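Bear in mind the structure is a predicted one, so any value in this text is a computation, not a measurement. First listed ligand is number 1; within each ligand, the first listed atom is number 1. Position 1 is the first residue of the sequence; numbering continues from there.
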Amino acid sequence: MFNINNILRENIKNLTPYSSARDEFQGEASVYLDANENAYGSPLDEQYNRYPDPLQYNVKKRLSEIKGVPIRNIFLGNGSDEAIDILFRAFCNPGIDNVIIVPPTYGMYQVSANINDVALKRVPLTTEYQLDLEGIAEAIDKNTKLIFICSPNNPTGNSINREDVETLLANFSGLVVVDEAYINFSRQKTFIQELTEYANLVVLQTLSKAWGLAGLRVGMAFASEEIIEVMNKVKPPYNINEASQKLALKALENVDQVNEWIKETLKERDNLVLELKNFDFVLDIYPSDANFILVKTTDPKAIYNFLVQRGIIVRDRSKVELCEGSLRITVGTPEENNILIKSLQDYK
Ligand SMILES: Cc1ncc(COP(=O)(O)O)c(C=O)c1O
């Protein structure tokens with residue numbers, strides 16, 4: 001039922017991608033005079049005078065081992081935000097096509113849609129923060145190209161029911177983008193394993209969360225080879241810089257450290273929930289599968305300002321639909337979480 005040619009923009013289908021010096025000559029040589037680089041070096045201890053690998057082979061090779069996905073099914077972006085933008089640019093005709101989002105959800109889907117002049121259809125989650133499948137079915141029309149599902153969802157923290165996502169994958173003829181930025185903290189398993197099952201699935205992950213590399217800007221998209229080829233065609237040639245590739249590769253050797261942090265974060269998340277429940281001004285804490293919790297309070301603005309005065313910054317999500325009264329609190333180190341709880345004890 002899914003056919004990439006039915007959803008790909010005509011100009012992208014016909015696009016001749018930029019061919020970089022690194023694309024045209026691959027292999028080892030002793031004298032590189034092909035890319036107008038500075039042959040002397042960089043005014044730094046480390047040398048960055050050469051352009052980086054446009055397709056980030058070494059990083060992908062390591063990710064392929066960790067994730068159990070062939071390299072040809074991996075795209076790397078300057079953060080997963082870049083992957084989101086590229087999906088819009090490759091598949092959505094400005095002023096004609098539309099995408100579906102299911103608020104409350106991650107804000108960049110809407111911003112990317114607005115930047116690309118792509119109409120947005122909003123089908124709110126249910127009060128249990130799950131998909132309204134009937135609403136989504138009604139919203140889909142012949143110009144609907146993408147549906148964004150964030151699971152675990154930001155800002156609510158919960159995972160979306162797997163069978164519901166599979167229903168969409170089986171019935172929608174556009175792409176279902178499952179954003180798994182927080183998957184490492186989740187009890188649910190990743191959708192990556194379903195790539196062989198569903199040709200219209202794109203899974204987004206990132207090194208910005210559990211991997212602790214938000215400053216390097218490395219995001220991943222996992223999809224069929226034909227989707228990845230399109231994304232590579234549309235991306236800027238050198239979208240992951242050399243320093244990020246080197247450091248990401250080094251970090252990817254430290255799986256044990258990351259797993260240790262994940263365990264610690266989950267323990268801290270449970271503690272934080274127990275502590276926060278004691279406060280009168282906390283009305284509800286939504287079950288979280290992520291490294292943050294959404295906390296419904298009597299007075300979000302006042303609590304937010306109170307914490308700011310003490311140098312503690314949380315995220316006020318109280319203006320977001322279905323999140324009325326809520327603050328989103330990232331789980332910190334045990335010390336940071338203690339400071340938060342101690343400060344809140346002084347509130348009112
Ligand atoms: C759900 C979700 N997706 C994607 C991102 C962006 O991640 P990256 O840092 O890889 O661009 C975030 C960042 O907060 C997020 O919450």
Side-chain angles (χ1 to χ4, degrees), residues 56 59-60 63 66-67 74-89 99-116 120 122 125 129 131 146-160 165 175-186 188 190-192 201-223 231 235-236 239-241 243-245 247-248 251-252 258 262 265 269 286 288-294 313-317 320 322-323 326-332:
Q56 311 101 10
V59 183
K60 283 183 187 168
L63 279 171
I66 294 174
K67 304 284 177 185
I74 307 176
F75 166 87
L76 293 187
N78 188 349
S80 35
D81 284 344
E82 186 181 40
I84 293 167
D85 181 61
I86 284 177
L87 290 169
F88 275 98
R89 287 195 282 145
V99 305
I100 293 177
I101 63 165
V102 291
T105 193
Y106 181 48
M108 273 309 283
Y109 315 138
Q110 172 158 356
V111 174
S112 267
N114 292 344
I115 290 169
N116 288 288
L120 200 66
R122 304 163 65 87
L125 294 174
Y129 295 148
L131 298 180
L146 313 171
I147 301 178
F148 286 94
I149 308 293
C150 186
S151 182
N153 187 37
N154 177 6
T156 58
N158 64 298
S159 293
I160 302 299
V165 179
L175 296 182
V176 178
V177 184
V178 181
D179 186 341
E180 295 187 338
Y182 300 97
I183 193 68
N184 305 71
F185 304 103
S186 174
Q188 307 296 318
T190 168
F191 263 89
I192 286 182
L201 169 64
V202 178
V203 179
L204 302 180
Q205 293 189 6
T206 178
L207 298 186
S208 297
K209 307 296 175 183
W211 281 91
L213 299 171
L216 293 188
R217 313 304 302 125
V218 183
M220 305 160 255
F222 303 93
M231 295 180 79
K235 80 176 182 68
N239 62 327
I240 312 286
N241 69 66
S244 292
Q245 291 194 39
L247 290 169
L252 289 168
V258 173
I262 292 169
T265 302
R269 182 180 72 194
Y286 301 96
S288 171
D289 248 352
N291 66 339
F292 57 83
I293 44 179
L294 191 68
I313 315 299
V314 298
R315 196 90 193 263
D316 182 358
R317 300 277 81 183
V320 175
L322 294 175
C323 297
S326 297
L327 298 172
R328 194 193 68 191
I329 304 179
T330 306
V331 179

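Among residues two or more places apart in sequence or in another chain, the salt bridge (charged side-chain N to carboxylate O under 4.0 Å, His left out) test is passed with Arg315 by none. Partners of Asn239 by side-chain hydrogen bond (donor to acceptor under 3.5 Å, both in side chains), not counting sequence neighbours, listed by chain and number: Gln56, Glu82, Lys235. Looking at residues two or more places apart in sequence or on another chain, you find a side-chain hydrogen bond (donor to acceptor under 3.5 Å, both in side chains) between Arg89 and Asp85.
Of the N and O atoms on the side chains of Asp289 and Ser159, at least one donor lies less than 3.5 Å from an acceptor on the other residue. In this structure, a donor-acceptor pair under 3.5 Å is absent between the side chains of Asn241 and Arg217.
Residues Ser151 and Gln188 fail the side-chain proximity criterion, which asks for heavy atoms closer than 4.5 Å.
The immediate protein surroundings of ligand 1, defined as residues with any heavy atom under 4.0 Å of it, consist of Gly79, Ser80, Asp81, Tyr106, Cys150, Asn154, Asp179, Ala181, Tyr182, Thr206, Ser208, Lys209, Arg217.
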